[in-house]
Amino acid sequence: MSETAPADTPVDVDALKARITEVLRNIYDPEIPVNIYDLGLIYGLDVNEKGEVKVTMTLTAPGCPVAQTFPGMVEATVLAVDGVKDAKVELTWEPPWTREMMSEVAQVQLGMI
């Protein structure tokens with residue numbers, strides 16, 4: 001039988017960050033068949049002991065057709081992670097995304113290496 005920790009109990013930041021990273025690896029860019037984490041679209045993932053999360057991300061291009069809706073979908077997905085009390089996603093265009101930001105896993109998936 002599991003018990004829920006009181007709301008003011010500090011969360012394990014490293015474990016929560018790992019769970020969020022796993023979830024981000026299950027969100028795929030609508031135009032490139034690679035997850036947004038390995039694609040290099042996640043510029044920052046800040047998690048505190050209160051379970052508050054800030055994700056700084058970009059998209060592959062400013063004119064991306066999902067620019068208006070995608071950050072909200074990412075935010076809702078992160079909010080659903082056990083231990084997350086609040087989540088904010090900030091979209092940035094600086095620095096601009098380039099293919100060099102992709103992980104080796106993404107480059108292999110796309111046949112680039």
**Asked** When you look at V13 and L16, which way does the side chain to side chain contact (heavy atoms under 4.5 Å, CB included) test go after all the steps?
**Response** CA-CA 5 Å; V13 172; L16 184 55; 5.8 Å; no
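- Here the side chain of K17 pairs a donor or acceptor atom with the backbone of L45 at under 3.5 angstrom.
- Across every non-hydrogen atom of W97 and M102, the tightest pair is CZ2-CG, 3.9 Å.
- Taking hydrophobic clusters as Ile, Leu, Val, Met, Phe, Trp and Tyr residues chained together by side-chain heavy-atom distances below 4.5 Å, I32 does not share a cluster with Y28.
- Residues L39 and D29 share a closest heavy-atom pair of CD2-CB, 3.6 Å.
- Taking the side chain as every heavy atom from C-beta outward, S103 and Y37 never approach each other to under 4.5 Å.
- More than 12 non-hydrogen atoms from other residues, nucleotides or ligands lie less than 6.0 angstrom from CD of E52.
- Under the 4.5 Å side-chain contact rule for hydrophobic residues, L110 and L41 share a cluster.
- Across M101 and P96, no two heavy atoms sit closer than the pair CE-O, 3.4 Å.
- Within a 6.0 Å radius of CG in N26, more than 12 heavy atoms belonging to other residues, nucleotides or ligands are found.
- Residues I42 and W93 share a hydrophobic cluster, clusters being chains of Ile/Leu/Val/Met/Phe/Trp/Tyr side chains in contact below 4.5 Å.
- A donor-acceptor contact shorter than 3.5 Å links the side chain of R19 to the backbone of D82.
- Just one of I36, V81, D38, N35 meets the side chain to side chain contact (heavy atoms under 4.5 Å, CB included) condition when paired with L24; it is I36.
- Between the CZ atom of R25 and the CD1 atom of I20 there is a distance of 13.0 Å, given to the nearest 0.5 Å.
- Scanning all heavy atoms of the two residues, the minimum distance from A106 to V34 falls at CB-CG1, 3.5 Å.
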Validation: residues 53-80 side-chain donor-acceptor distances under 3.5 Å, sequence neighbours left out:
residue: K54; atom: NZ; partner: E90; partner atom: OE1; Å: 3.3
residue: T58; atom: OG1; partner: T92; partner atom: O; Å: 2.7
residue: E75; atom: OE1; partner: V89; partner atom: N; Å: 3.0
residue: T77; atom: OG1; partner: M73; partner atom: O; Å: 2.9

